[in-house]
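Numbers restart at 1 for each chain; the letters A, B, ... are given by sequence-line order, proteins then strands.
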2 protein chains.
Amino acid sequence: MSPRAQAPGGGAETGGGTGAKPGTKPGAKAPGRRAYHHGDLRNALVDAALEMVRTGGPEAIVLREAARATGVSSTAAYRHFESHRDLVEAVKERAGARMDAEVAARLTDEPARADRGEEAVRRMRAVGRGYVRFALEEPGLFRLIFRQYADAPMPEGDPVSEAPPLTERNSSYMSMSEALDELVEAGELAAGRRAFTDVAMWAAVHGISTLLLETDLSRLDKRAREAAVERVFDVVFHGILTNLDTSAA
Amino acid sequence: MSPRAQAPGGGAETGGGTGAKPGTKPGAKAPGRRAYHHGDLRNALVDAALEMVRTGGPEAIVLREAARATGVSSTAAYRHFESHRDLVEAVKERAGARMDAEVAARLTDEPARADRGEEAVRRMRAVGRGYVRFALEEPGLFRLIFRQYADAPMPEGDPVSEAPPLTERNSSYMSMSEALDELVEAGELAAGRRAFTDVAMWAAVHGISTLLLETDLSRLDKRAREAAVERVFDVVFHGILTNLDTSAA
DNA sequence: CATTCAATGTTGGCGCTGTCAACATGGGTG
DNA sequence: CACCCATGTTGACAGCGCCAACATTGAATG
């Protein structure tokens, strides 16, 4: 009963729309020839919707328009998504992957450090900068990624699922968390203070990103913005570390 | 041409709908009797919309429904708001005031400290706790307050308005900023490190609030949640202060 | 006190949206 | 070769934001 076709992984980038399903005989779908069956409609729709989010934010996702942009009838999307919301969720996933990739891509902008602790700090700072940068460059995507529907259940006495998985899907958080582990191993962070330090770090980075986007702080010019971001890092690292130089690069 | 009537200040609370405009003769508007002219429609609409936001989040604001709930025709709202967006903005303002009030109300939950620095830290912690608490108790309002429309202009070479006003309207931020000033005066924070420390503090508090609402961290149980929040405070205060005991109350 | 008028509220309608039911198409499988 | 199910299409419905034209007031004005 539930739709959602095979959906080949999620590797399709924003490219064009030339992605014919692997495994089908070639030549069956020459570019420009629109057959009755599209071939990769699901991905095409997500692509179209993602582009809308980039320019208009999450509320700019309109199913009919995505269909129109893909050259398909208004209701065709319902063969691949249960509802508008389901489409949004798919776009959100894709946007998250994009953010992960873009943040990771800038991880090596600065040279590595010999000292293990310093290297871990450098990496956290790099992830943080990439995080903020993505938020400012792709506000639409960023907003979508961190948007929860209001009817998501809040746990109050939920006995189940307090366990590990939690935030495994956010690679920025994971990177910072791993770096903190290294800090512990390197003796720069007391093991007794390790708990929730990753969350605190993430909160600071995410917080400054959000504030720069959603509050009057967006009116700061570039210089002030960067100064604010660096001050966030300095405070956090100074708060975390015991005896390491945390000055910026 | 532009609507928006006199709008008596904004003091009307969520009460009922018994607020007759001050200045009109009393008795003209007995409760239950709905005259052709409502008397305080603007506030009534905002009240209705605010209630929708509380249960359904920002996207639950639907103008026609607010009118219906107020017992007025669908288009009556257009005498008080230019557009749906204008209504949303009004609700946002009211929600912000509510948050300010609720955070301030809990500012004195703990006894003041004699030492000036300690008192400042206590107050920041109290504001922070109230901030997070509000976010978790009123996720709909919180989300609305910190939601910007996608078409808000981003400054890149804007020569104007880099000046002060900025975030004057967020009383939580202002409270923390003032406390930091006291920390400087008390010699607990070097004046040279004062710049943007308020922003960093705000970022941490806002960040943990958002993460607990919009990410998998919402699945943390109450104990873990509070531990995470406290860890945020510890890291930040340790990062800010030089020689003060920052342990929780 | 009667008039008048601008503020406020109503009706009807437009184009858009998400979604459903019924129907059309065609590629892969028996 | 015939079939069939995944995929796409058409037509329709209710609800939304918004506009134009009309109705009803309370309050200021002569």
Side-chain angles (χ1 to χ4, degrees), chain A residues 1-8 20-21 23-29 33-45 48-49 52 56 58-91 149, chain B residues 1-8 17 20-29 33-45 48-49 52 56 58-91 149:
Chain A
M1 284 306 173
S2 88
R4 187 180 286 109
Q6 67 286 59
K21 224 182 335 186
T24 54
K25 276 171 191 152
K29 201 147 293 298
R33 286 289 310 126
R34 278 280 156 66
Y36 190 89
H37 287 71
H38 180 280
D40 193 20
L41 184 54
R42 185 186 160 94
N43 274 317
L45 288 171
M52 296 175 196
E59 34 259 318
I61 297 184
V62 20
L63 193 143
R64 288 171 99 114
E65 193 180 328
R68 224 176 291 133
T70 316
V72 101
S73 80
S74 303
T75 60
Y78 286 91
R79 299 296 166 197
H80 303 272
F81 304 97
E82 280 186 356
S83 63
H84 177 249
R85 200 169 155 147
D86 197 26
L87 205 211
V88 172
E89 223 63 43
V91 178
Y149 282 98
Chain B
M1 283 304 175
S2 88
R4 186 182 286 106
Q6 66 286 59
K21 225 179 339 185
T24 53
K25 276 170 192 154
K29 200 148 294 297
R33 284 288 312 126
R34 278 278 155 66
Y36 191 91
H37 287 70
H38 180 283
D40 192 20
L41 185 55
R42 185 186 161 94
N43 275 316
L45 288 171
M52 295 175 196
E59 35 260 318
I61 298 184
V62 20
L63 195 143
R64 288 170 98 115
E65 192 179 328
R68 224 175 293 134
T70 316
V72 101
S73 80
S74 303
T75 60
Y78 287 91
R79 299 294 168 199
H80 303 272
F81 304 98
E82 280 186 356
S83 63
H84 177 249
R85 202 168 152 145
D86 198 26
L87 204 212
V88 172
E89 225 61 45
V91 178
Y149 281 99

Within this structure, what is the CD-to-C1' distance between B:Glu82 and D:dG17, rounded to whole angstrom?
14 Å

Side chains of A:Glu59 and B:Tyr149: closer than 4.5 Å at any heavy-atom pair?
no

Pick base, sugar-phosphate or nothing for A:Arg85, based on heavy-atom distances below 4.0 Å to the nucleic acid.
nothing

Distance-minimising heavy-atom pair for B:Ser73 and B:Ala67
O-CB, 3.4 Å

Rounded to whole Å, how long is the line connecting atom CG of B:Asp86 with atom P of D:dC19?
12 Å

To check you understand the geometry: which heavy-atom pair defines the closest contact between B:Ser83 and B:Tyr78, and what is its length?
CA-CE2, 4.3 Å

Of the candidates C:dG18, C:dC23, C:dT10, the side chain of A:Arg79 sits closest to C:dC23

Atom CD of B:Glu65 to atom P of D:dA14: distance rounded to whole Å?
18 Å

Could you tell me, to 10°, how much the axis swings from one end of the helix from C:dC1-D:dG30 to C:dG30-D:dC1 to the other, five pairs per end?
10°

Short side-chain N/O contact to C:dA7 OP1/OP2 from B:His80, under 4.0 Å:
no

Residue A:Thr75, side-chain heavy atoms: nucleotide from C:dA21, D:dT7, C:dG9 that is nearest
C:dA21

Starting at atom OH of B:Tyr78, determine the distance to atom P of C:dG12, rounded to an integer number of angstrom.
18 Å

Measure from the side-chain heavy atoms of B:Val72 and tell me the nearest of C:dT19, C:dT10, C:dA22.
C:dT10

Let me confirm one number: the CE-CG distance from A:Met52 to A:Leu63, rounded to the nearest 0.5 Å.
9.0 Å

I want to verify a distance call: between D:dG17, C:dG9, C:dT17, whose nearest atom is closest to the B:Ser73 side chain?
C:dG9

Quick check on DNA chain D: between A:Ala76 and A:Arg64, whose nearest nucleotide comes earlier from the 5' end?
A:Ala76

Can you tell me how far P of C:dC16 sits from NE2 of B:His84, to the nearest Å?
19 Å

Determine: side-chain N/O of B:Arg42 to OP1/OP2 of C:dA7, distance under 4.0 Å, yes or no.
no

Got a second to check how far A:Leu45's CG is from A:Glu65's CD, nearest 0.5 Å?
12.0 Å

Just verifying a value: how many Å separate B:His80 NE2 and B:Asp86 CG, rounded to the nearest 0.5 Å?
12.0 Å

Taking atom C1' of C:dT10 as reference, at what distance in whole Å does atom CZ of B:Arg68 sit?
16 Å

Regarding A:Ser83, tell me which of base, sugar-phosphate or nothing describes its non-hydrogen contacts under 4.0 Å with the strands shown.
sugar-phosphate

Distance check needed: D:dG8 P versus A:Leu63 CG, whole Å only.
13 Å

Output for pair (B:Leu87 CG, B:Glu82 CD), nearest 0.5 Å, gives 12.0 Å

